Amino acid sequence: MNRFALKNGIRLLLIVALFLVTTIITSLGAVMNPASAQDSKPTIVLVHGAFAESSSWNGVLTQLIPKGYPAVAVANPLRGVKSDAAYVASVLQGIEGPIVLVGHSYGGAVITNAVKDNENVKALVYVAAFALDAGETAVELSGRYPGSTLGPTLAPPVDLPDGGKDLYIQQDKFHAQFAADVPANDAQLMASTQRPITEAALNEASGVPAWKSVPSWFIHGDRDLNIPAAALSFMAERANSNETVVVNGASHVVMVSHPDAVAAVIEHAAIAQ
């Protein structure tokens with residue numbers, strides 16, 4: 001073998017050796033520090049409820065995103081349980097890896113119906129939310145227990161072209177009814193940007209509930225004037241909640257007034273997977 005061929009052979013061996021060493025170090029790093037991988041944390045998908053919108057999750061997102069959780073706050077159409085659940089299900093289909101699915105208020109009814117055998121959904125988190133059983137409606141279940149004062153605060157229904165009706169909360173009653181523990185200026189912004197829900201959606205029966213097959217977590221306030229606290233406690237117990245947190249003095253928008261507590265419950269659900 002001439003000197004030129006020998007040098008090329010040595011150079012090739014050094015390149016192969018360097019490649020192998022780099023591969024081993026990279027593999028060891030992944031094993032020793034699995035949290036560094038992007039797919040090590042589940043994606044948090046948040047679904048808002050009636051009279052709210054996606055920004056209602058901003059406080060929660062500012063706690064979860066810096067910790068490395070991928071997150072999506074879905075714009076819930078608020079048109080009907082079945083159609084809204086189908087829309088959220090389509091969003092879930094586009095997400096790879098494990099998912100923690102979170103719903104607020106009517107959004108709880110939506111996530112209950114949105115899993116649709118999606119094996120990536122590993123946990124459900126109900127934030128002052130409806131965890132309905134098959135055949136139940138939001139209006140009927142809420143009405144089983146005293147304490148909701150929502151009805152008298154609603155504005156006159158808005159007629160829709162299809163014959164349905166959109167519901168809003170009167171802006172001057174929004175703060176006391178919906179967000180009593182939120183600063184007045186913030187509550188006014190929420191009132192002005194509230195999204196309506198159809199009357200039919202609140203009276204539409206739920207399908208087979210995902211909480212019967214997917215582990216669930218619950219958090220709500222004890223001064224919720226939309227869904228009575230007793231109704232929320234009943235649904236949490238019925239669903240065999242892994243953890244139920246009741247925030248003293250919290251209104252219906254506990255994720256706005258106590259984002260740290262809500263983020264903590266979501267993280268508990270995420271870590272449990």
Side-chain angles (χ1 to χ4, degrees), residues 27 30-31 33-49 54 57 60-61 63-65 67-136 138 201 204-220 235-245 255 262-273:
S27 300
V31 171
N33 188 22
S36 64
Q38 178 66 29
D39 62 358
S40 64
K41 291 182 182 294
T43 298
I44 313 299
V45 178
L46 306 119
V47 182
H48 67 81
S54 296
W57 296 111
V60 173
L61 289 170
Q63 305 240 359
L64 295 175
I65 292 174
K67 295 182 178 180
Y69 287 99
V72 178
V74 179
N76 187 358
L78 304 176
R79 301 295 86 187
V81 174
K82 186 176 181 179
S83 61
D84 294 342
Y87 173 72
V88 172
S90 70
V91 174
L92 300 180
Q93 287 295 330
I95 297 174
E96 295 183 0
I99 297 168
V100 174
L101 186 54
V102 185
H104 170 243
S105 190
Y106 165 81
V110 174
I111 68 170
T112 294
N113 289 271
V115 176
K116 300 185 183 300
D117 299 320
N118 187 329
E119 295 182 356
N120 283 348
V121 179
K122 303 300 183 182
L124 301 170
V125 180
Y126 291 88
V127 180
F130 286 107
L132 301 176
D133 203 349
E136 291 178 340
E204 183 177 341
S206 179
V208 177
W211 50 258
K212 288 189 175 181
S213 56
V214 179
S216 60
W217 280 254
F218 285 73
I219 181 170
H220 65 88
M235 288 184 282
E237 183 176 356
R238 179 176 66 178
N240 294 314
S241 172
N242 282 266
E243 177 185 19
T244 301
V245 175
M255 73 287 192
V262 172
V265 172
I266 293 172
E267 192 163 16
H268 295 169
I271 292 172
Q273 306 322 305

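Here the structure is a predicted model, which is why all the values come from computation and not from measurement.
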Check your understanding: Stepwise, does the side-chain contact (heavy atoms from CB on, under 4.5 Å) test hold for Trp211 with Asn240?
Key -> CA-CA 9 Å; Trp211 50 258; Asn240 294 314; over 6 Å; no

Point to revise | Phe130 vs Thr112, side-chain contact (heavy atoms from CB on, under 4.5 Å): CA-CA, chis, key distance, verdict | key: CA-CA 8 Å; Phe130 286 107; Thr112 294; over 6 Å; no

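- Residues Gly49 and Ser105 come closest through the heavy atom pair CA-CB, 4.2 Å.
- Using a 4.5 Å heavy-atom cutoff, the side chains of Ile111 and Tyr126 are in contact.
- At distances below 3.5 Å, not a single donor-acceptor pair connects side-chain atoms of His48 with backbone N or O atoms of Trp57.
- A pairwise comparison of heavy atoms in Pro209 and Ala134 identifies CD-N, 3.9 Å as the closest pair.
- Nearest heavy atom pair, residue Ala270 against residue Pro42, reads CB-CG, 3.6 Å.
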Point to revise | Worked check of side-chain contact (heavy atoms from CB on, under 4.5 Å) between Val102 and Ile44 | key: CA-CA 7 Å; Val102 185; Ile44 313 299; 4.0 Å; yes

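- To the nearest 0.5 Å, atom CG of residue Leu132 and atom CE of residue Met235 are 6.5 Å apart.
- For Met255 against Val127, the heavy-atom pair with the smallest separation is CB-CG1, 4.2 Å.
- Distance OG1/Thr244 to CZ/Phe218: 6.5 Å, rounded to 0.5 Å.
- Of all the heavy atoms in Ser241 and Glu243, the pair that sits closest is OG-O, 2.7 Å.
- To the nearest 0.5 angstrom, Arg238 atom CZ is 8.0 Å from Lys212 atom NZ.
- The shortest non-hydrogen separation linking Lys122 to Pro215 is O-CD, 3.5 Å.
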Review point. Is there a side-chain contact (heavy atoms from CB on, under 4.5 Å) between Ile95 and Asn120 once you walk through the steps?
Key: CA-CA 9 Å; Ile95 297 174; Asn120 283 348; over 6 Å; no

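- Judged by distance alone, the side chain of Glu204 and the main-chain N or O of Lys82 form a donor-acceptor pair under 3.5 Å.
- Here the CG-OG distance, from Leu124 to Ser213, works out to 8.0 Å after rounding to the nearest 0.5 Å.
- Checking Tyr106 against Asp84 by side-chain atom types alone, a donor-acceptor pair falls below 3.5 Å.
- Val100 is not listed as a side-chain neighbour of Tyr69, based on a closest heavy-atom distance of 4.5 Å or more.
- Within the 4.5 Å cutoff, the side chain of Tyr87 has heavy atoms near those of the Val74 side chain.
- Between Leu46 and Leu61, the closest side-chain pair of non-hydrogen atoms falls below 4.5 Å.
- Although no hydrogens or angles enter the test, the distance criterion places a donor-acceptor pair under 3.5 Å between the side chain of Asn113 and the main chain of Gly207.
- Using a distance-only test at 3.5 Å, with no hydrogens or angles considered, no donor-acceptor pair links the side chain of Thr43 to the main chain of Ile99.
- Taken from CG in Leu101 to OG in Ser216, the straight-line distance is 11.5 Å, to the nearest 0.5 Å.
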